[in-house]
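Input: a single structure, listed below in structure tokens.
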Number of protein chains: 4
Amino acid sequence: MGKSGDDTTPRTRTEDKLEKLLTVAAALMAKQGYDQTTIRDVGRETGFSLAGMYYYFKGKEDLLAQIQKRTFASLLCEQERVVNDGGSPEEQFRHLVRNHLSFFTRHMNELKVCTFELESVKGEPYDEIERIRRSYFKLTADAVGGLVGQTGKKTDRERRIRHITLFVFGMLNWVFMWFEDDRDNPVDHLADDMVDLVLTGVSGAS
Amino acid sequence: MGKSGDDTTPRTRTEDKLEKLLTVAAALMAKQGYDQTTIRDVGRETGFSLAGMYYYFKGKEDLLAQIQKRTFASLLCEQERVVNDGGSPEEQFRHLVRNHLSFFTRHMNELKVCTFELESVKGEPYDEIERIRRSYFKLTADAVGGLVGQTGKKTDRERRIRHITLFVFGMLNWVFMWFEDDRDNPVDHLADDMVDLVLTGVSGAS
Amino acid sequence: MGKSGDDTTPRTRTEDKLEKLLTVAAALMAKQGYDQTTIRDVGRETGFSLAGMYYYFKGKEDLLAQIQKRTFASLLCEQERVVNDGGSPEEQFRHLVRNHLSFFTRHMNELKVCTFELESVKGEPYDEIERIRRSYFKLTADAVGGLVGQTGKKTDRERRIRHITLFVFGMLNWVFMWFEDDRDNPVDHLADDMVDLVLTGVSGAS
Amino acid sequence: MGKSGDDTTPRTRTEDKLEKLLTVAAALMAKQGYDQTTIRDVGRETGFSLAGMYYYFKGKEDLLAQIQKRTFASLLCEQERVVNDGGSPEEQFRHLVRNHLSFFTRHMNELKVCTFELESVKGEPYDEIERIRRSYFKLTADAVGGLVGQTGKKTDRERRIRHITLFVFGMLNWVFMWFEDDRDNPVDHLADDMVDLVLTGVSGAS
DNA sequence: TATGAATGAGGATTCATTCAT
DNA sequence: GATGAATGAATCCTCATTCAT
């Protein structure tokens, strides 16, 4: 009757180890940066031997790529669900910001690594991750598009949508630089302040 | 009668060499990151020998610190002048954003290195740079404060000022991630879209 | 009642698998060298798991030793039969060269590994292989001895026999370095040119 | 009155160090093979620190390439001089073999590394070395051509020249495998036996 | 001022091998 | 017979830094 079967422990154990590896690596990379994080650090923190970890990833870069792919895919998936929930443009936008920040608090390290270590992954894995990232940008830009009125020239409107979307990402991604668990949790105020700023500006109701 | 003496240029030459060193280093670090940039890279790009450069800086970290200190101090200085020029709160804010973006285009590499390699400098040099940074934050926060109405509780207001200031920095600093010389120059539109968003939100006059 | 049972193939299967392992390993080692060939390579090429192969050999060195022992023993055995077939000294020599080259084309990889990776096997297995090798040398030296006239001092004659035998091995073993299946097959011309050179020198009948 | 000036010691010292590095490396690689020779071995044997050696070569492969290039070039140069000295075809051939074996005794380690570690160098350096090698082959083949009579079809003659040249290289290169300083020095007998075999075959005058 | 030469410390990665299952 | 998971040891190489000149 349990949700998870009680038989297939072996495979689960292996999965769990990979999980732990990725989590610990993300934490270290978030704190010290990708370059400053050594594979040995990850081993020390997880209890793995240096060579033992290479069973789970092909190399340091692959380790980072695995983190990024998982995290971005998961975030994109959540946000697509948010969009599918419908609502007025304003409501949708608010939900997106709220959930992004909620995801942020749930996976701070992983998301930080996704945001600031993008250029450390190259080649095909990069392309794959880049594709997900673009999808997320598109999704957000569409939400912003819903907020921007039809006035003025079409190219002006498109430029503004692009700019405002980039501003929103700027605000969201910069949170990593100043967020402190004690002071800034829960993120509701933060989310509302951000949404209000976008919807009505400083002088807004609030 | 020239501005710069035409006689004993030696000291000037030395200054020029340091200048070149810092410029090249900033360019490399902006493109590849601090960790990925080797002192040898800087030597290759400047024509200096590896050992020769150590006359100009104490070590790799000092090289970065020199760039950061100069650049931040220069930016802060400019912005203080902007504030001293006076004007309505809205005008002041607009001037600050515009000049920040202007400075950005004039010193992109240096400013990027200031923004994203802060944690690579430690100890006393870090503290010194941190102090300048804080002054800049304070200056900007005050400008934002001028925009935020007096309504509501005092702590709410202060929280909002802080948040909005951080949002503004987020928007500004994130520009590094997407700015393209060909497409996004000149930065007037960009500055105006940003200011308008802050002042009136999406639906704003614009 | 046949020599090999047609029922319990298991043992046969095991033999076959060892066979495949040795063949593939020989091919890899012939192409890349012993050091550059990893046990993993062999696994990948045979479909075996890394650990699974250790049922068939004690270690990498043993794998090589098995190949060498089998191959050398087989070659020696064939050549002893050739010698036992009798004939004039010239005929015997010609047959030996021909059959060596025939063996070469039938087991190129294995023989190459025998010829160029001798020093990679150590200890007792080495001694065993070395013994076979010496027998082969003796057998060939005797055939050469049949060609060398009795003139002159005995020590001179022995020296010449030794040298010429070594020259013959040099010619034969060096074939690995330049032989190309398309161009140099069949090996009859090659064998004849070699025998003729030894028997009569450049200016020979041919 | 000294041949070499007494002033330029500095540059000479550096040259000497590279010289020593190459010599020691060649000795180690000749004994243990390229793969089995570690850069650390070279350091230990020369007194250099591990990193210090990288001032003289770009990497392990480059170290090998430097040895091969120098040695092959030097050998080719010597043999070209031999050819230019003229003489009958037989005399030329004898001189070539003698000088090759003389070079062999003077640079045994280097030449061994040239002969048996060719495939360890790749890319452009390989091509360069390959070019020299081909020149040496051509030079030898021409000398052999002088010995082979005009009888028979042209293609047959060319085939024989090619084969005999390859046989000669086989004999010469295989010497590495059995040569022992005490027993086989001086190499005059060896050279004469080889030349006689080629010129007149086993039954030759000698 | 400037550099050639050198080094210590450290980092990613590979590989043969093992062992519980 | 076979394998998934793990490891110790070793290897190549890079880099910031120094010092005699």
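Chain A is the first sequence line, chain B the second, and so forth, proteins listed ahead of strands; every chain is numbered from 1. Computed from a prediction, not measured in an experiment: that's the story for all the values here.
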Problem - Sugar-phosphate only, base, or nothing, as touched by D:Tyr56 at under 4.0 Å among non-hydrogen atoms - result: sugar-phosphate
Handout entry: Interatomic distance, C:Lys20 atom NZ to C:Glu15 atom CD [nearest 0.5 angstrom]
Key = 15.5 Å
Practice task
Would you kindly give the CZ-to-C1' distance between A:Phe48 and F:dG8, to the nearest whole Å?
Solution key: 16 Å
Problem - Carboxylate-amine/guanidinium proximity below 4.0 Å for A:Glu128 and A:Lys69 - result: yes
Exercise for the section: Grab the CZ-P distance between C:Phe57 and F:dG1 for me, whole Å please. Expected result: 15 Å
Practice task
Starting from C1' on F:dA2, measure out to NZ on C:Lys17 and report it in whole angstrom.
Solution key: 9 Å
Handout entry: Nucleic acid contacts of residues 32-47 of chain A, taken as heavy-atom distances under 4.0 Å to DNA chain E
Key = A:Thr37, A:Thr38, A:Ile39, A:Arg40
Problem - Integer-rounded Å distance: F:dC15 C1' and B:Leu64 CG - result: 17 Å
Handout entry: Closest to the B:Ser49 side chain, choosing from E:dA12, E:dA2, F:dA2
Key = E:dA2
Completion exercise
Taken to the nearest whole Å, CG/D:Asp62 to P/F:dC12 is 14 Å
Problem - Comparing B:Ala51 and A:Ala51 on DNA chain E - which has the more 5′ nearest nucleotide - result: B:Ala51
Problem - Phosphate contact (F:dA2 OP1 or OP2) by C:Tyr55 side-chain N/O below 4.0 Å - result: no
Exercise for the section: Report yes if a side-chain nitrogen or oxygen of D:Lys58 is closer than 4.0 Å to either non-bridging phosphate oxygen (OP1 or OP2) of F:dC13; otherwise report no. Expected result: no
Handout entry: Spacing of C:Leu18 atom CG and C:Gln66 atom CD [to the nearest 0.5 Å]
Key = 5.5 Å
Handout entry: Straight-line distance of B:Gln32 CD to A:Asp35 CG, nearest 0.5 Å
Key = 11.0 Å
Completion exercise
Output for pair (A:Arg133 CZ, A:Thr115 OG1), nearest 0.5 Å, gives 8.5 Å
Handout entry: Nearest-0.5 Å distance, CG of residue B:Asp62 to CD1 of residue B:Ile67
Key = 10.0 Å
Exercise for the section: Can you label the angle between the D:Phe176 ring and the D:Phe116 ring as parallel, tilted or perpendicular, going by 30° and 60°? Expected result: perpendicular
Handout entry: Dot-bracket summary - DNA chain E, pairs being Watson-Crick or G-U whose distances fall under 3.5 Å, with | when paired to another strand
Key = .||||||||||||||||||||
Practice task
Hey, which sits more toward the 5' end of DNA chain F by its nearest nucleotide, C:Gly52 or A:Met53?
Solution key: C:Gly52
Exercise for the section: Round to the nearest Å and state the distance from C:Leu28 atom CG to E:dA16 atom P. Expected result: 12 Å
Practice task
Can you tell me the distance, in whole Å, between the OH atom of C:Tyr54 and the C1' atom of F:dA6?
Solution key: 14 Å
Practice task
Return yes when atom CD of D:Glu119 has more than 12 non-hydrogen atoms of other residues, nucleotides or ligands closer than 6.0 Å, and no otherwise.
Solution key: no
Handout entry: Pair C:Asp16 + C:Arg13: basic N to acidic O under 4.0 Å
Key = no
Exercise for the section: Kindly point out which of E:dA6, F:dC13, E:dT13 is positioned nearest to the side chain of A:Lys60? Expected result: E:dT13
Exercise for the section: By nearest nucleotide on DNA chain F, pick out whichever of B:Leu50 and D:Glu61 is the more 5' one. Expected result: D:Glu61
Practice task
For a side-chain hydrogen bond (donor to acceptor under 3.5 Å, both in side chains) with C:Arg70, tell me which candidate from C:His107, C:Glu110, C:Glu19 qualifies.
Solution key: C:Glu19
